[in-house]
Protein chains: 2
Amino acid sequence: MSANSNELSDRKKLILKAIVEAHIRGGEPVGSKYITESKQLSCSSATIRNEMAELESLGYLEQPHTSAGRVPSKQGYRLYVDTLLEEYAMTAKEIAQINQLMKIKMSELDQILDKASKVASVLTNYTGFAIKPRAHAVTVTKYETALIDAHSFILIVVASNGAVKTRNVLLDTEIDEYVLARLTAALNELVVGLDAEQISLSVMISLENRLSGDSVLVNAVMKSIYEMLSELDSGELKVSGLDRLLQYPEFTDAQNLGELLGAFERKDDILDLISEIDGEDVNVVIGKESSVKVINNSTLVFKPIRSNGRTVGAIGVIGPLRMDYARVLATLDNLGGNISHLLNEPKQLGGKSQ
Amino acid sequence: MSANSNELSDRKKLILKAIVEAHIRGGEPVGSKYITESKQLSCSSATIRNEMAELESLGYLEQPHTSAGRVPSKQGYRLYVDTLLEEYAMTAKEIAQINQLMKIKMSELDQILDKASKVASVLTNYTGFAIKPRAHAVTVTKYETALIDAHSFILIVVASNGAVKTRNVLLDTEIDEYVLARLTAALNELVVGLDAEQISLSVMISLENRLSGDSVLVNAVMKSIYEMLSELDSGELKVSGLDRLLQYPEFTDAQNLGELLGAFERKDDILDLISEIDGEDVNVVIGKESSVKVINNSTLVFKPIRSNGRTVGAIGVIGPLRMDYARVLATLDNLGGNISHLLNEPKQLGGKSQ
DNA sequence: TTTAGCACTCTCGATTGTTTAGTGCTAACT
DNA sequence: AGTTAGCACTAAACAATCGAGAGTGCTAAA
């Protein structure tokens, strides 16, 4: 809608950068005097003031009230993360810490993501989250079953996106190996390649015909399949370290906090927001700049997790607009790399050393 | 530690009850005048004052400051819920609402609990939660497997507490039906009846001997088994409707809210607290009166969910001390009954009418 | 045993003055 | 033309004061 970054003089950029960073550190509006004093800018506070006034009219800064300092606007933060930010070089100690925390070998993607979101939260001191993105029109590529007892068995589906899901099916009729084998064969023949929406009455009827009209069984199974597919479709969101939000003054008033908690409850908005992005890089969503107006006064930073060329999840953190972007970006990038590594490396022995 | 309820005159009880209920409604300290005016007590404010002073010295009331009214103490709330509370009769409408909301037929316990905690939150307007309690020394009673592809299979354990858990096991070596069948047989012979702590090196060695020394496979499997058992041991806690807390002034200050959020993060304390109780009835934990000092200024109400004579979970709500106990107790009781019903009734057809 | 009456205490809200931080503007300076 | 010193101005933050209101405890009378 307005000025692109090239229009800004180097000095303006420098000033904006200084203001953003000071504000991130201190949390309070920063004034011209502070900039002149603490910085390499060799000009007086009056000059800074003039520049600040211009930056404000360009939309990069805001003034809470007449006699306060300036605060970066969302647009200001955006420019900062896109072009002004200096890459944060993680210390060896920090990298060691990530490796240490992620050392626990886990096999389930869910658990790895969960753990990673906790680690992200601890390392950045913001609230962490992990999602498995929405995946539309997932279909089943293979069915498998395992008998538990006369009244229950496990139904396993392998989905087109590589996910595997299981469900405990309980029946009040009896079932045995033979019936189950027939069921499995029938499913693999008749109910493969459908997504949740395509499971129709006619599919059920053909399946029922194939299985001597055992409608109880067919109903139970189809219901489970439908549920599993829906779950795969609808994504997942887990949050950790919620209490960390409270240390930031922007979340002590119930307004902002409520919006955030509400968004976490509903999950949909955040899942939508993240599911629609499909890169490999760390993403930064600042306030409600996105089409989705989930988060008004918070920033959401996340990195997609890919495995075998597919986006299988994402981890990220959420915090105030004045987030320590440099550190967060570096941390998530590193952590994300660590996870991809975990997911793609061949399985090792348990780790009983000699 | 002090006065039992029989020492209280009927009038004192009536006054205490009136104060508690007024405070629950209004949230503010209630004074002698208010009681005299609005109530059936036929005596003057001065008399009420005298009684209130006594109730305070007995520990049932507290005074925020000299010229404020009285507020029930935790002990006061306790007496109220234990002996003063009038049973809340749910309206037909409310009962219909519960049935409506819980109508969705789901088979997995996890999902039912999850849904129920959401419903509890909606109906009571407090924060809801669902737990699967800790279960110590769970053992495996049966193993089952299902091949997915050459590099992965599903491992299923049926646990001594009736739970069924599955894990996707990935290998970089190849595996086939035959190997899997041998593995399954060996597991069912050698690794049955052990809890997480009893999985030792010697078990692994005997298993490995049985399986032509395939240590990669054995390691992966035993690790998964260990993980599953640990998970079964350690319980689960899910929270819903967190944002509802914010509407109660007692949670607008970061102190209380932080404590609660922290407790939800750690989960342990709350799981401990609830796991140690094994009745059938709705339980009320007021503040940190319990040995576990998790929640200082909140009340936790929950109802165990039983299935086949075993406690398989619990649902509840958490909110301010001045919770609408009557309503909450009735709601949870009803909702709990509804769930037990769901869990124990024979499975129905999918619901295609006619 | 109850109650009317009153003095006392404490909070809360409004009002006011003071301090402080930071601005915008102008006029002088390089 | 860009920079800077200086100054008037603004708005918040803070502290002190004041009166009103609510509710108590106590006393003395019923």
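Side chains included, hydrogens not; waters and symmetry mates left out as well; all remaining heavy atoms used. Quick note on labels: first sequence line is chain A, next is B, and so on, each numbered from 1.
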### Task
Take atom CD of Glu28(B) and atom C1' of dC12(C), then tell me their distance rounded to the nearest Å.
12 Å
### Message
Reading DNA chain C from 5' onward, which residue's closest nucleotide shows up sooner: Tyr34(A) or Asn50(A)?
### Response
Tyr34(A)
### Message
With a 4.0 Å cutoff (strictly under), does any side-chain N or O of Arg70(B) reach OP1 or OP2 of dT24(D)?
### Response
yes
### Query
Arg11(A) CZ to dG2(D) P: how many Å, rounded?
10 Å
### Message
Whether Thr66(B) contacts dT24(D) is assessed here as follows: a side-chain N or O lying under 4.0 Å from the phosphate OP1 or OP2. Is that the case?
### Response
no
### Query
If you pin Pro64(B) and Ser42(B) to their nearest nucleotides in DNA chain C, which one's is more 5'?
Ser42(B)
### Query
Hey, does the side chain of Ser67(A) come within less than 4.0 Å of dA12(D)'s phosphate (OP1/OP2), counting only N and O?
no
### Query
Just by distance, with hydrogens left out, do Asn334(A) and Lys303(A) show a side-chain donor and acceptor under 3.5 Å apart?
no
### Message
Could you tell me how far apart His65(B) (NE2) and dG23(D) (C1') are, to the nearest whole angstrom?
### Response
9 Å
### Task
Measure the shortest side-chain to side-chain distance between Leu257(B) and Leu246(B) over non-hydrogen atoms and say whether it is less than 4.5 angstrom.
yes
### Task
Identify whether any heavy atom of Ser32(A) sits under 4.0 Å from a base atom; if not, whether one sits that close to sugar-phosphate; answer base, sugar-phosphate or nothing.
sugar-phosphate
### Task
Would you sort out whether Tyr248(A) and Tyr126(A) count as a ring pair (Phe, Tyr, Trp, His ring centres under 6.0 Å), showing the intermediate values?
CA-CA 9 Å; Tyr248(A) 302 101; Tyr126(A) 298 109; 5.1 Å; yes
### Query
Atom NZ of Lys12(B) and atom C1' of dT1(C): how far apart are they, to the nearest Å?
12 Å
### Query
Separation of Lys33(A) atom NZ from dT23(C) atom C1', in whole Å?
13 Å
#### Entry: Separation of dT24(D) P from Glu54(B) CD (nearest whole Å)
15 Å
### Message
Rounding to an integer number of Å, can you tell me how far Glu51(B) CD sits from dT2(C) P?
### Response
7 Å
### Message
Distance check, rounded to the nearest 0.5 Å: Ile95(A) atom CD1 versus Leu335(A) atom CG?
### Response
12.0 Å
### Task
Kindly point out which of dG25(D), dT4(D), dT2(C) is positioned nearest to the side chain of Cys43(A)?
dT4(D)
### Task
Select one nucleotide: of dT24(D), dT2(C), dA4(C), the one nearest the side-chain heavy atoms of Ala46(B).
dA4(C)
### Query
Looking at the side chain of Gln63(A), which of dT4(D), dT23(C), dG25(D) is the nearest nucleotide?
dT23(C)
### Message
Tell me if a side-chain donor or acceptor on Gln247(B) pairs with a main-chain N or O of Arg244(B) at a distance below 3.5 Å.
### Response
yes
### Query
Has Arg49(A) got a side-chain N or O lying under 4.0 Å from the OP1 or OP2 atom of dC7(D)?
no
### Task
Whole angstrom is fine here: how far is it from CD1 in Ile15(A) over to P in dT23(C)?
12 Å
